[in-house]
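Computed from heavy atoms alone, side chains included, the values below leave out hydrogens, waters and symmetry copies.
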Amino acid sequence: MPVPAYSFLLLSGVLFTMGAVGFLVRRNPLVVFMCIELMLNAVNLAFVAISRYLNSLDGVIFAFLVITVAAAEVVVGIAIIVQVYRAGRPMDVDDLDLMKE
Amino acid sequence: METLAPFVLLSPLAGFLVNALFGRLLPRRVVGWIGAGSVGIGFIFSLNLLLQLLTGAHSLDQTYFTWWQSGDFSVPFNLYVDRLSTLMILVITGVGFLIHVYSIGYMREDPGYSRFFAYMNLFVFSMLLLVLSGNLIWLIIGWAAVGLSSYLLIGFWFERPTAVLAARKAFVMNTIGDVGMVFAAFLIFLNLRVLDFQGLFSRVHQLPKGGGVITAICLLLLVGAVAKSAQLPLHTWLPDAMEGPTPVSALIHAATMVTAGVYLVARMHMLYDWAPAAAATVAVIGGVTALFAATIGTSQVDIKRILAYSTMSQIGYMFLAVGIGAYAAGMFHFMTHAFFKALLFMAAGNVIHAFHDDQDIRNMGNLRAGLPITFWTFLIGTLSISGFPLFAGFFSKDEIIRAALSAPGTEFWLGVVALVTAGLTAYYMFRLFFIAFGWEWLSHDERHLHEALPVQTVPIVILAAGAVVGGYIPVASFLTPVFGHAVDVGTGAFIGLAALSVLVALIGFLAAYLLHARRPDLAVVWRTRLGPIHALVEHKYYIDELYDRLFVRPGVALARFLNDIVEPRVIDGAVNGVANFFLLEAREFRLIQTGRVSSYALWTLGGAIGVVVVVAAFLGYLPVRLGG
Amino acid sequence: MVVGFAIVAAWEIVTAAGVVAFRKPIYNALSLVANMLGLAVLFLMLNAQFLFAAQVIVYAGAVMVLFVFIIALMNPESDVALPRRGSEWIYGAVFGVIFAALLVSLLFNRGLTGRPGTLTPEAIAAVGNVQTVGIALYTKFLFPVEVTSLLLLIAAVGAVYLAMRRIR
Amino acid sequence: MTINLSGIGIDYGAILPELVVAGTAIVVLFLELFVPPDRRRWLAAVTVVGLLGALVATISLWGQNRSAFGDTVIADSLAAFFNVLLILITIATVAISPRYLEALDLDYGEYYILILGATAGMMLLAAATSLMTIFLGIELLSISLYVLSGFARTALRSQESALKYLLLGGFATGFLLYGMALIYGATGSTTLRGIAAFTTAASSNAGGNVLLLLGIGFLSVGLAFKASAAPFHMWTPDVYEGAPSIVTTFMSVATKSAAFAAIGRVFIATFPSISSRWYFPLALIAIFSLFIGNLVAITQDNLKRMLAYSGIAQAGYILLGVLPGTAQGFSATLFYVAAYSLMNFGAFAVVTAVAAGGEQTAELSHWRGLFYRRPFLATVMTIFMLSLAGIPPTVGFFAKLFVFQALVSAQIWAPLIVAVIMTIVSFYYYLRVVVIMLAAPDEAVVEKRRLGIPTSTVLGAAALATLVLGIFPAVVLDWATRAASLHF
Amino acid sequence: MSWYTLPGSVPWLTLSLVIPLAGALLVALTPGEVRRVVKQLGVLSAVITLVLVLAIIGGFQHGVGNLHLQFEETLRWIPSAGISYHLGVDGLSLFLLGLNALLFLIAIVIVDPLIPRLKQFILLLLILEAATAGILLSLDLVLFYVFWEAMLVPLYFLIGVWGEGQRVYAAFKFLIYTVIGSFAMLVAILAVTAINFSQTGQLSFDWTVLVQHPAAGIWHLPAGLGTIGIQQLLFIGFGLAFAIKMPIFPLHTWLPPAYTSSPIPVVIVFAGLVSKLGAYGFLRFNLALFPDAAHSLGGLLAVLATIGILYGAFMALVQTDLKRLVAYASMSHLGFIGLGIFAGNLLGIEGALIQMINHGVIIAALFLIVGMIERRAGTRDRGELRGLAATAPLFAALFLVVSLAALGLPGLNGFVGEFLIMLGAWASFIPMAVGAGIGVILAAWYVLRFYQGTTQEVPPQPATFGELRTADVGVLAPLLALMVLIGVTPAFFPAAVDATVKALPVLLR
């Protein structure tokens, strides 16, 4: 019995939500960043699954691009986080509130 | 037919302009004679008009330019000359001229000499405009100009707070009248589509006789007339108007302003004939005012105020006359009144000058010796106003009383009122005469009083002549083309009524003689005995106070309430409330910007949830269904 | 097949929970690695061998090493030392549950509506999985790939700028 | 299977402007190695020259309709319109940059590379006709801007702004991608042409397609984030405030323009058949943006934050033009985007110029009496404020007029009424700036600081254009109409 | 008037807009230090404008032209949006144009050359003149709106920078208030065009097009709250802008602070002209485009106008600040204008039209006088002023004439307008006319309090109040001349405006 397409979408949705929740609840910027990766991975799962079930290659390529871009983003993101770290600020996104109302 | 009517107007206008613009540059003599002369020239032109009318012309109506023309609202500037207006302008310019001449002497030391003459000329011009105007708009313009002139002259000595207040009072009261007139003009135009007199008189019969419209028109006109002529209930400005220089009082009371109301009713007699209820109102107001003012006159001690109330009273006679349809009688009395009232005021002016501007009659006396001409002319005036036989006042007043008594119905009672008033008139005038001019005029007094200059006495003497012989001028027959024939009364009734009025006048005279010449102590006794009534009368029935409580104070209180409460709290408060609401909301919404990444992401996620919800709603998974 | 999917799905969820819930960043990172490896397995199940390799090499291999390296560089205990603030967990959980519930209820038993293409597993297998992807990358998706190269260049420039200590 | 390139439309002419911009970035990258540190202005000059080249290349694309690279990108009037706009913004930004960077000791060559990278990404976004290129365009511009936000590396605020932007941007990208995946699943295609073919087909019942609607919803979350429309706007004030002023200047206008290009392509060109589905959420986003942006702006004491909120509000107005889904509405949107770019760029550029003059803070209190100290800056600022408020004769008025006209024609009343009320509120804060500049200065210092020719030229030109387009808007409106009409 | 025919090839109306702007440009290019030159440039351009406008008035032909519009100019502007540059003048705008030019000339003449930033002041005044002239001349609704809003900016700065007291607050309040109305109008403008487009298929903001097809139809309120006529809605949209600008009670609370804070040259044009633009707008747009709504809503507005008459009069009665007093007096007078307009008949409207001129002349003169008092006495508190006539009789005399005109004395210009307005109102709603009559009586009261309270009684010693100078007489003289001229022979006025007013759709209904 083949796995129905929607089960991959559901799994993807759950993983996406977990990533989003992690983003909301975690305060270490590195962990928050990891949660973004989790969300992107969830999206990739959806892309690949759809690609498989629709017999098209677009999703795979899209996922490939996402992986690449995510890597680039991580590089930049880590660089920024390191900057903040170098400035001696605590590793807590909630403490980064020099700018607020 | 070409008339010289514009020149009657232009002459005092020119005098006004010259004195107003260049008066301060001209020598005083020149100013004075320009002022008087311009009116005198106006009198000569008036005589020319009289001649034209006597030689056949019925009336002269000439249009000079269009004032406004749109749709059927067309107002020309036209002058309408008939016997009524001619009589008026003759008196205005004639008596006015004498008053001007008198003023040359009277005002000779006043710093505002040229201003005074400018105002006086403006006054005469305004009155002439009022009288000569051939349409209602220009009559109203003249009407208001008269009010303005009176304002200027009453407030002539503007350093005096009382004069300033009196002037304002006069103006505001007159404005009430003006508004009434304007409303009357609206009704006339909207119902008859016409505002010039000839058209009006020819169309007035299109309205139902005695109907609401014509009655309303006449009553609204009456508001104007009452305000201008100081009749009840808009009379309170007139006594205060005594704040002006005495020649002004003479002008206002004798020749010009206060008689405008009488003229108006007479001019509009076709309307009043068509509205009996309104005419009756006129008569009642006149009769009541006559009595009312006369009673007040009995208790005043200011010489000019007594004369002022006497004017009110006499105008009341005239109102009574025109109200009952005795227009000619009213106009006749207007003329004789002009003579003797101008005379009385100017003589009083001499007295006041002699007493260094003291106007209290109780401080006066010994005038026969000091001011003989003034004394005798004043006596003539007093006799004339009191209706002593063969004096001018006798004839004119008698005609009114006769007309009232011989009329049927309630008007009879008005005649009785008029008769009583005649007695009171004799009483208060002689009271004035006895107290001010002194019963002790036979004895000598240490005070050295000086008779006025000839330029002041000559006009008085001329007027005294008028006050004596004015009664023999056939005014009634002169005005017949305007008003038609007066009611004819039998000789017997004539003599009987004349005797009756003479008798009444005599009673008044004797009472005055008894109380103020023979037994002054009795006057004191009676005054205490009549305490409350006397106080009531002395305080002019508290009407000034009543108006103050009823209108002035509530008005100011309302204004303060609006200014202090309504404007800042209610109206602006609502506006600021809205603004504050937004500011408050803004501060609330501002707080969502916490600076924390997680809360920002929460909003994003919330927005995403919102999107999902909307999708669900579109697809029908939610109770609320969106879209199609 | 279904059983395999179920096992991997459970693995995915557990490791994702680890990413979210572990308090030490290093554990989070390791959970993420585990999660990504599981995902790679799913890719295999979905006949995407090329992506399986890319996922393992790029993500698990490169990206996560970077993460771990940085965690080692910085104070690994910092998150533990942070004062607890409960409200985020509540908000996060509530919003997450609502979001997931809505999503799941909408997607459950929902088929894909898109028109299927021609690249069935069989057609791909005929050419070879990696070959197919490679050909697509350099033909149909040439432009996106080129853009990605620019993107990587810019990211490199940016990261170098930020990270380098310059002496002027 | 052989590699066959013939069927996919390799057409480098169609992406020439983007290529020139990217090429310029690489040229600057190499040049930077050789240019001595005190001659970095040369890099700015090279950048401007490259951008001018891109402008020339763009003009040749006007009026064409060249879909290239397997429908992933297109060269049409809409793309050309945005290319011109974005290139002009970038040129202006680069022109005023050196002075500011030198004042802050930030004059590194990477700045120009990143600006060029961001520009390339935005241009790509405007030309993108595939979900992939939309995603890549957004990421290209985002990554560049993440770094640019943190360009003042040692400034805490700049770092913080970069980190916030990065994290929240990544979060939003997740939604964007998830939406794209769902759309792909629903339609089986990643090109807009393919998706449009699916949705417009009568058999598809696109209006009832869960996947598609969810996908569109998440996609719009991502795009609204980039356009900083509420409630996805939260990053905007903080990032704008913390980023170096010059970067804020650039991104406040350029990002939004590019995002609206994508919004136009997605909603108007791709999903016209289900406009009744996206109208409602989009209207809500517009109303929410108008409400939050205008309301919170009135309490701001920091000019950059105030302008950030104003930008949120302006995003609401621009979005209003999309709502009717008509050519008239979209051309109004385009006109508004152009007008917004002009006036908001000007406003931020003044902030930058003031900051470069030594006042490192954008607190409003420091602007007291600017009219007396620096009359030129205050005057042009006044013009921009009036334009943002929408008072004629400035371009901002016509922008609002055309959008409102489109709404009235489409009988869309509720958003219009909110917009009108909020516009009135907006007068309060825009004019407050003017009021403060008018207030008597605390001390009567008359500083005569030179702005520099490039800055004064750019500011003067922007102010002049604001006025001239406020009197003769027809030219730009015609361009916008033609750019918008291609899809209908 | 049509005393002569102006050559048609010259864009006379555009010239009357361009000349002040050219003057503004010249002023801008002049260094601010040469104050004399700056001011003379301003005066010169205002004089040229006045001469030009007088030439236009003289060349205006009675009852000629498409919709009685003359000197029409049409240029393409934004054709794709249906917007054109269309100017024209008719009976509604003709004399207001003259008033505009006259008041700005006076305002610029009386500018004190020693004020700070004189150059900018003159500059803004000239721009304001062009904007107000543009409002009067525009026949395209968007063009009108552009001028309408553009007027705010110079006014805002003139009050906010050169004002006194709470100048910034006042300017702000004025602006926000005005903008509320403006945006309501903007929406209505768009709607009216859209409706016309749907009815006729012609996308046009042109007044001459729109006036021929009054909007029709019913609007169903959401949630079954009933229906409202489209015309009524549009009428309210336009009316809000004009009612605030006039202002009509209770939308007036911006007025006292704005007038009080304005410098005298500004308040002359502000009170003298700008308020009239609201009334003009009612005539030009509300009565012309929405005749049915004008009938159904006219009564309500007439009531508000009458309340305004009385309210303003009562407020004026108790003010001690003379500027505030005149401000409320102005409000009361504007109530008359409103009443005439909403009476909706020939005489009421013509009365309102001429009263607009009268009010401009009178209020300008009153504010000039307040300025003269303040400059000489150093205060404008009525409690501290008295006896000015003692040392300045000429001043008192001229002041008196102005006061009399203000209280509507027959024979001066105020009467002409008030008479016609009340006559028109009487024909439509008698109680309103009676209320207005009470307003006239109150006017006599407060104006005389104002006049007497300042000029009369014994002056405080030493009396230092200076007499008028030639320049003061020079600026008052044309206004006084107009007061007398219009009061005595106003016939030229209906001759020029009759055809236009009679053609107003509201009268044809």
Side-chain angles (χ1 to χ4, degrees), chain B residues 20 24 65-71 73 75 77 112 115 126 129 137-138 140-145 147-148 151-152 155 158-161 163-165 167-168 171-172 174-176 178-180 182-183 185-187 189-190 555-556 558-560 562-564 566-568 570-572 574-575 579, chain E residues 173 176-177 249-250 252-254 256 311 313-319 346-347 350 387 389-390 393 396-397 400 404 407 409-411 415-416 418-420 422-423 426-427 433-434 437-438 440-445 448-449 452 455-458 487-491 493-495 497-498 501-502:
Chain B
R24 280 190 293 167
F65 61 85
T66 303
W67 186 75
W68 190 281
Q69 164 76 55
S70 74
F73 181 75
V75 179
F77 173 74
R115 189 162 58 93
S126 311
L129 180 64
I137 296 284
W138 279 91
I140 291 171
I141 290 176
W143 194 262
L148 165 67
Y151 163 81
L152 292 171
F158 58 78
E159 298 88 355
R160 299 183 187 167
V164 171
L165 275 176
R168 182 153 85 220
F171 195 94
V172 173
N174 272 302
T175 305
I176 295 173
D178 294 354
V179 171
V182 165
F183 286 171
F186 293 167
L187 277 178
F189 175 73
L190 292 174
V556 173
L558 174 63
R560 287 198 194 292
L562 292 177
N563 189 43
D564 299 342
V566 174
E567 176 93 350
V570 180
I571 299 175
D572 213 26
V575 174
Chain E
K173 190 161 186 167
I176 297 290
Y177 244 114
F249 180 89
H252 64 276
T253 54
W254 61 267
Y311 187 86
F314 273 115
M315 292 297 281
L317 205 52
V318 288
Q319 301 304 317
L346 180 69
L347 292 177
E350 282 190 358
L400 176 66
L404 295 172
L407 57 77
L409 183 84
F415 169 72
V416 182
E418 284 177 9
F419 183 89
L420 290 163
M422 290 199 290
L423 176 51
W426 189 285
V434 174
I438 296 171
V440 171
I441 296 164
L442 288 172
W445 192 359
L448 287 184
R449 267 172 81 112
Q452 295 183 322
T455 59
Q456 307 201 327
E457 301 187 15
V458 181
V488 176
T489 59
F493 193 85
V497 308
D498 220 23
V501 176
K502 277 180 181 158

Discussion item. Do B/Trp68 and E/Phe493 have side chains that approach each other closer than 4.5 Å (heavy atoms only, starting at C-beta)?
Written reply: yes

Worksheet entry | side-chain contact (heavy atoms from CB on, under 4.5 Å) evaluation trace for B/Phe73 with E/Glu350 | CA-CA 11 Å; B/Phe73 181 75; E/Glu350 282 190 358; over 6 Å; no

Practice prompt. Name the region of B/Trp143, side chain, backbone, both or neither, that has any atom closer than 4.5 Å to a heavy atom of chain E.
Written response: neither

Discussion item. Minimum heavy-atom separation for B/Ala559 and E/Leu317, please, with both atom names.
Written reply: CB-CB, 4.2 Å

Fill in: Separation of B/Phe171 CZ from E/Trp445 CH2 (nearest 0.5 Å)
15.0 Å

Worksheet item: When rounded to the nearest 0.5 angstrom, what distance separates CG in E/Leu409 from CD1 in B/Ile140?
Response: 12.0 Å

Response to the item:
To the nearest 0.5 Å, atom OH of E/Tyr311 lies from atom CG of B/Leu558 at 10.0 Å

Discussion item. Shorter than 4.5 Å, heavy atoms on both sides: which option in B/Asn174, B/Leu152, B/Ile137 has the most such pairs with chain E?
Written reply: B/Ile137

Item to complete: Can you see which heavy atom on B/Thr66 is nearest to which on E/Ala491, and at what distance?
Response: O-CB, 3.2 Å

Worksheet item: chain B heavy atoms under 4.5 Å from E/Val501: which part of the residue, side chain, backbone, both or neither?
Response: neither

Worksheet item: Considering only heavy atoms, which portion of E/Ile438 lies under 4.5 Å from any heavy atom of chain B: side chain, backbone, both, or neither?
Response: neither

Worksheet item: Distance from E/Ile441 atom CD1 to B/Asp178 atom CG, nearest 0.5 Å?
Response: 9.0 Å

Practice prompt. Give me the ring orientation class for B/Trp67 and E/Phe415: parallel if the planes are under 30° apart, tilted from 30 to 60°, perpendicular past 60°.
Written response: tilted

Worksheet item: Quick one: are E/His252 and B/Glu567 in side-chain contact, heavy atoms under 4.5 Å?
Response: yes

Discussion item. Any non-hydrogen side-chain atom of B/Phe65 less than 4.5 Å from a side-chain atom of E/Thr489?
Written reply: yes

Fill in: Least distance between heavy atoms, E/Leu347 atom then B/Phe189 atom
CD1-CE2, 3.8 Å

Worksheet entry | chain E contact via B/Ala185 - which portion, at a heavy-atom distance below 4.5 Å | side chain

Discussion item. Please classify the contact between B/Val75 and chain E as side chain, backbone, both or neither, with a heavy-atom cut-off of under 4.5 Å.
Written reply: neither

Fill in: E/Val434 versus chain B, the contacting section by heavy-atom distance below 4.5 Å
both

Worksheet item: Does a side-chain heavy-atom distance below 4.5 Å link B/Tyr151 with E/Gln452?
Response: yes

Practice prompt. State the CZ-CG distance between E/Phe314 and B/Leu562, to the nearest 0.5 angstrom.
Written response: 7.0 Å

Worksheet entry | Side chain to side chain, E/Lys173 and B/Asp572, heavy atoms closer than 4.5 Å | yes

Worksheet entry | Contacting moiety of E/Ile176, where chain B heavy atoms sit under 4.5 Å | neither

Discussion item. So for E/Leu448, is it side chain, backbone, both, or neither that comes closer than 4.5 Å to the heavy atoms of chain B?
Written reply: both

Worksheet item: Do you know which two heavy atoms are closest between E/Val318 and B/Val556, and how far apart they sit?
Response: CG1-O, 4.2 Å

Response to the item:
Closest non-hydrogen atoms of E/Gly437 and B/Phe183, given as atom of the first, atom of the second and distance, are CA-CZ, 3.8 Å

Fill in: Taking every non-hydrogen atom, the tightest pair across E/Asp498 and B/Ser70
OD1-CB, 3.2 Å

Worksheet entry | Interchain contact, E/Leu420 with chain B, by part (heavy-atom threshold 4.5 Å) | side chain

